[in-house]
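Here's the structure, in structure tokens; my notes come after.
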2 protein chains.
Amino acid sequence: MVTIHDVAARAGVSPATVSRFLRGQRVRSYEAIQTAIDELGYWPSAAAQSLKSGRTNTIGVVVPDITNPYFAAVVKGMESVTRTEPYRILLANSDESSEQEDDVLADLVRRVDGIILAPATEQDETPLHVRDADVPLVFVDRDLAGGERFDAVLVDNDGGGRQAAEHLLALGHTRVAAISGSLDTTPGRLRREGFVSTLAKAGVEVPPEYDLVGDFKEHSGYQLTLSLLSLPEPPTAVFAANNLMTLGALKALHDMRIDIPGQISLIGFDDLDTGPLLRPPLTVVDRPMFEQGVLAMRLLLRRLDPDDGGGMASRVVLDTKLIERASTAPPGGHPSPARTRKTRSR
Amino acid sequence: MVTIHDVAARAGVSPATVSRFLRGQRVRSYEAIQTAIDELGYWPSAAAQSLKSGRTNTIGVVVPDITNPYFAAVVKGMESVTRTEPYRILLANSDESSEQEDDVLADLVRRVDGIILAPATEQDETPLHVRDADVPLVFVDRDLAGGERFDAVLVDNDGGGRQAAEHLLALGHTRVAAISGSLDTTPGRLRREGFVSTLAKAGVEVPPEYDLVGDFKEHSGYQLTLSLLSLPEPPTAVFAANNLMTLGALKALHDMRIDIPGQISLIGFDDLDTGPLLRPPLTVVDRPMFEQGVLAMRLLLRRLDPDDGGGMASRVVLDTKLIERASTAPPGGHPSPARTRKTRSR
DNA sequence: ATCATCACTGACATCGATTTCAGTTTGGAG
DNA sequence: CTCCAAACTGAAATCGATGTCAGTGATGAT
């Protein structure tokens with residue numbers, strides 16, 4: 001490896017002068033130094049710089065599953081921010097597991113200047129350890145019990161659940177099932193609460209056999225949908241609390257030759273790139289993805305700015321939006337011609 | 001920050017002894033040291049360790065677009081390998097741009113022990129610089145002109161293009177269009193070559209106005225499909241050379257109210273999680289994704305193993321597989337009843 | 001010609017962990 | 001009780017870059 005000493009020797013100056021040159025200070029022999037750097041192909045050692053400065057210029061990002069299009073979009077948003085900064089992203093999957101998250105975080109705190117985390121569960125204790133390590137922490141998508149003191153970028157999950165419920169109520173559904181994500185997570189818990197409580201206010205109860213809990217993975221959406229179909233009286237509408245479980249539900253309904261929305265209406269949470277192209281086009285509760293990543297990274301970089309005053313935790317909560325497509329319709333019947341036309345028109 | 005000196009002082013030993021304890025050597029006062037570590041919450045500094053050892057335990061991964069489900073799956077495969085190793089992944093997007101790739105690589109070589117790269121173009125020179133920096137390099141998905149001396153995990157793109165062509169030929173198509181990816185990339189060039197040359201051998205020429213080149217992004221698939229539809233004599237079948245452009249094509253065909261496969265058959269490259277659920281279910285050339293990531297990471301870790309002999313470059317080429325669904329059919333007509341039943345049966 | 005001022009320079013200490021080398025301690029044998 | 005080998009320990013050097021501090025050299029004013 002070629003070091004600053006090699007460059008100094010070849011340019012006939014001291015390492016200190018080379019260092020000054022690198023940091024943009026005026027130096028008498030800049031020509032000789034530049035030549036030496038080019039000829040030797042010198043690049044300063046990141047490890048040595050980190051040791052001296054105490055900064056790694058690296059941000060740790062921990063998400064449950066990078067193949068979930070939602071998280072992929074969020075990470076891309078983060079990446080778009082770091083592009084113009086000297087920061088890089090150290091990426092890790094937690095696989096929806098607190099233990100893996102623990103392991104990964106313990107390692108990350110030693111290597112990064114800050115961390116953006118979508119915690120596997122709300123009860124997770126580790127992130128507080130992260131704070132002990134004096135590494136700034138920002139939550140994205142999911143929150144933590146007692147996490148109010150950290151920056152966070154979230155969405156109005158409760159409101160999203162409400163929107164889904166109101167949509168189904170407006171269509172006249174009364175036998176309504178929910179496939180929730182893990183209730184240990186903020187989105188899992190709040191989406192269900194918003195959904196169930198809104199139905200309850202309208203006098204529609206969700207009986208236990210309709211009130212199912214999955215794990216945000218496609219397989220659980222598939223299995224739980226099958227179990228709904230095996231009931232003596234299946235629901236006329238199903239709400240799935242994230243994109244992957246919605247796909248699982250859709251696959252199950254296809255496999256069982258259920259007509260959507262003729263026999264069962266399906267509404268999901270989180271839009272998909274393919275959402276409009278599916279059979280049928282999916283009605284979903286949508287939310288900003290890329291933008292969440294951008295905001296989370298900006299919050300973190302602000303914390304890392306030495307001129308930043310510190311200040312209170314920023315808690316950003318974005319709104320969800322209902323996108324009506326063709327997978328929902330009044331119970332029993334086929335989609336009304338009006339609805340169909342409306343959906344197809346754009 | 002708590003250092004090894006603090007621990008040593010509290011345990012009443014020298015830093016050298018603490019270091020030995022950390023590296024698992026036998027030490028008389030291990031109890032006192034362990035206690036001191038716990039009480040102080042000590043973690044060794046990654047920067048200092050890197051400086052001393054010359055290793056960062058970090059792998060750089062550069063892909064064109066992490067929101068492409070193919071690359072997300074590949075990265076997840078890589079991650080699954082590093083999970084049981086002390087390595088972490090530094091992730092960067094090149095956005096299909098050689099310049100961004102350059103910038104990112106110049107920075108990465110200073111921070112990582114090895115790099116896995118899906119180059120933006122075949123003509124890219126930078127990766128050779130990476131080699132100058134003595135950082136092992138593995139290609140995934142895409143190759144480089146003159147890259148034969150590097151490890152690589154690729155697929156038989158030429159064969160995949162051939163499979164697509166043979167499928168369309170078997171259905172009887174003669175007016176066939178290709179939406180290729182950038183011809184500067186291995187997959188862009190080879191998929192087109194395999195496709196066009198197979199058609200040519202069967203006496204089917206692809207005229208210039210059918211022989212279009214996109215950039216692997218959804219928008220180009222959309223635009224190029226529209227341009228095909230505006231021709232006086234549009235094709236009866238379209239081959240799109242990756243998943244995103246296939247989606248773009250599908251959207252364009254929907255927007256223009258084209259019946260698939262009644263008026264136009266569509267075949268894609270790379271399956272999607274939603275592939276079977278689309279309108280219509282897509283016929284595609286599929287290939288291993290997760291597995292490609294696993295293999296690439298294994299190759300790289302082998303290079304990093306100090307006991308490894310060095311040895312020749314490993315060039316792994318995986319096979320593609322045709323998945324027949326309902327988006328392709330004989331020209332002109334509706335899908336034959338037989339085909340439809342077959343597709344729906346699973 | 002002299003001196004004050006300013007711009008620039010190099011030796012050295014430093015960041016935190018590891019490793020070498022020269023001890024010191026321990027345990028057992030005689 | 002003495003001695004030796006084996007087990008363990010600490011001081012100091014090291015990795016590469018940077019910041020401090022005490023200079024050296026040039027420039028201009030007198």
Side-chain angles (χ1 to χ4, degrees), chain A residues 1-38 40-58 86 106-113 133-135 306, chain B residues 1-38 40-58 86 106-113 133-135 306:
Chain A
M1 175 176 225
V2 31
T3 77
I4 201 170
H5 283 87
D6 304 327
V7 175
R10 179 172 258 242
V13 297
S14 76
T17 300
V18 178
S19 173
R20 282 187 271 257
F21 169 82
L22 290 172
R23 332 210 71 245
Q25 295 179 32
R26 198 155 20 164
V27 144
R28 265 199 271 274
S29 44
Y30 68 93
E31 269 187 323
I33 296 176
Q34 185 61 63
T35 307
I37 288 176
D38 292 343
L40 296 174
Y42 166 76
W43 288 101
S45 146
Q49 287 180 320
S50 293
L51 178 58
K52 198 74 177 71
S53 68
R55 318 194 98 221
T56 61
N57 286 337
T58 304
D107 184 41
L108 281 189
V109 291
R110 310 187 311 119
R111 308 166 164 247
V112 302
D113 293 339
D134 262 330
V135 176
Chain B
M1 173 174 227
V2 32
T3 75
I4 201 170
H5 283 87
D6 305 326
V7 174
R10 179 172 257 245
V13 296
S14 76
T17 300
V18 177
S19 173
R20 282 187 270 256
F21 169 82
L22 290 172
R23 332 209 68 246
Q25 295 180 33
R26 198 155 20 164
V27 145
R28 267 200 269 275
S29 45
Y30 67 93
E31 270 185 323
I33 296 176
Q34 185 62 63
T35 308
I37 288 176
D38 292 343
L40 296 174
Y42 166 77
W43 287 100
S45 147
Q49 288 181 319
S50 292
L51 178 57
K52 199 68 177 76
S53 68
R55 319 194 97 219
T56 61
N57 286 336
T58 304
D107 184 42
L108 281 189
V109 290
R110 310 189 308 122
R111 309 166 164 246
V112 302
D113 294 338
D134 262 331
V135 176

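Side chains included, hydrogens not; waters and symmetry mates left out as well; all remaining heavy atoms used. As the structure is a computational prediction, the values presented were derived from the model and not from experiment. Every chain is numbered from 1 and lettered A, B, ... according to where its sequence line falls, protein lines coming before strand lines.
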Where is the tightest heavy-atom contact between B:Val2 and B:Gly41, given as atom of each residue plus distance? CG1-O, 4.0 Å

Which residues pass the side chain to side chain donor-acceptor pair (under 3.5 Å) test with A:Arg110, not counting sequence neighbours? B:Gln49

Kindly calculate the angle separating the two end axes of the helix from C:dA1-D:dT30 to C:dG30-D:dC1, each obtained from five base pairs, and round it to 10 degrees. 50°

Can you give the first and last nucleotides of DNA chain C, 5' to 3', that have an atom under 4.0 Å from a heavy atom of chain A? C:dC8 to C:dG16

Drop me the distance from A:Leu40's CG to A:Thr3's OG1, to the nearest 0.5 angstrom. 9.5 Å

Taking side-chain contact (heavy atoms from CB on, under 4.5 Å) as the test, write out the residues that go with A:Gln34, two or more places apart. A:Phe21, A:Ile37, A:Asp38

Starting from P on D:dT9, measure out to CZ on B:Phe21 and report it in whole angstrom. 12 Å

Within the 4.5 Å heavy-atom criterion, are B:Val27 and B:Val13 side-chain neighbours or not? no

Return the set of residues passing side chain to side chain donor-acceptor pair (under 3.5 Å) with B:Arg55 (not counting sequence neighbours), or none when no residue passes. B:Tyr87

Using the test side-chain contact (heavy atoms from CB on, under 4.5 Å), find all partners of A:Ser14 that sit at least two apart in sequence or belong to another chain. A:Ala16, A:Thr17

Separation between OG1 (B:Thr58) and CG (B:Leu108), nearest 0.5 Å, reads 10.0 Å

Could you write nucleotides 13-21 of chain D as a row of B, S and -, 5' to 3', where a protein heavy atom under 4.0 Å of any base atom gives B, of only sugar-phosphate atoms gives S, and otherwise -? -BBBBBBB-

For B:Ala47, all residues meeting side-chain contact (heavy atoms from CB on, under 4.5 Å), sequence neighbours excluded: A:Ser50, A:Leu51, B:Ser45

Please name all residues satisfying salt bridge (Lys or Arg N to Asp or Glu O under 4.0 Å) with A:Arg111, sequence neighbours left out, ordered by chain then number. A:Asp107

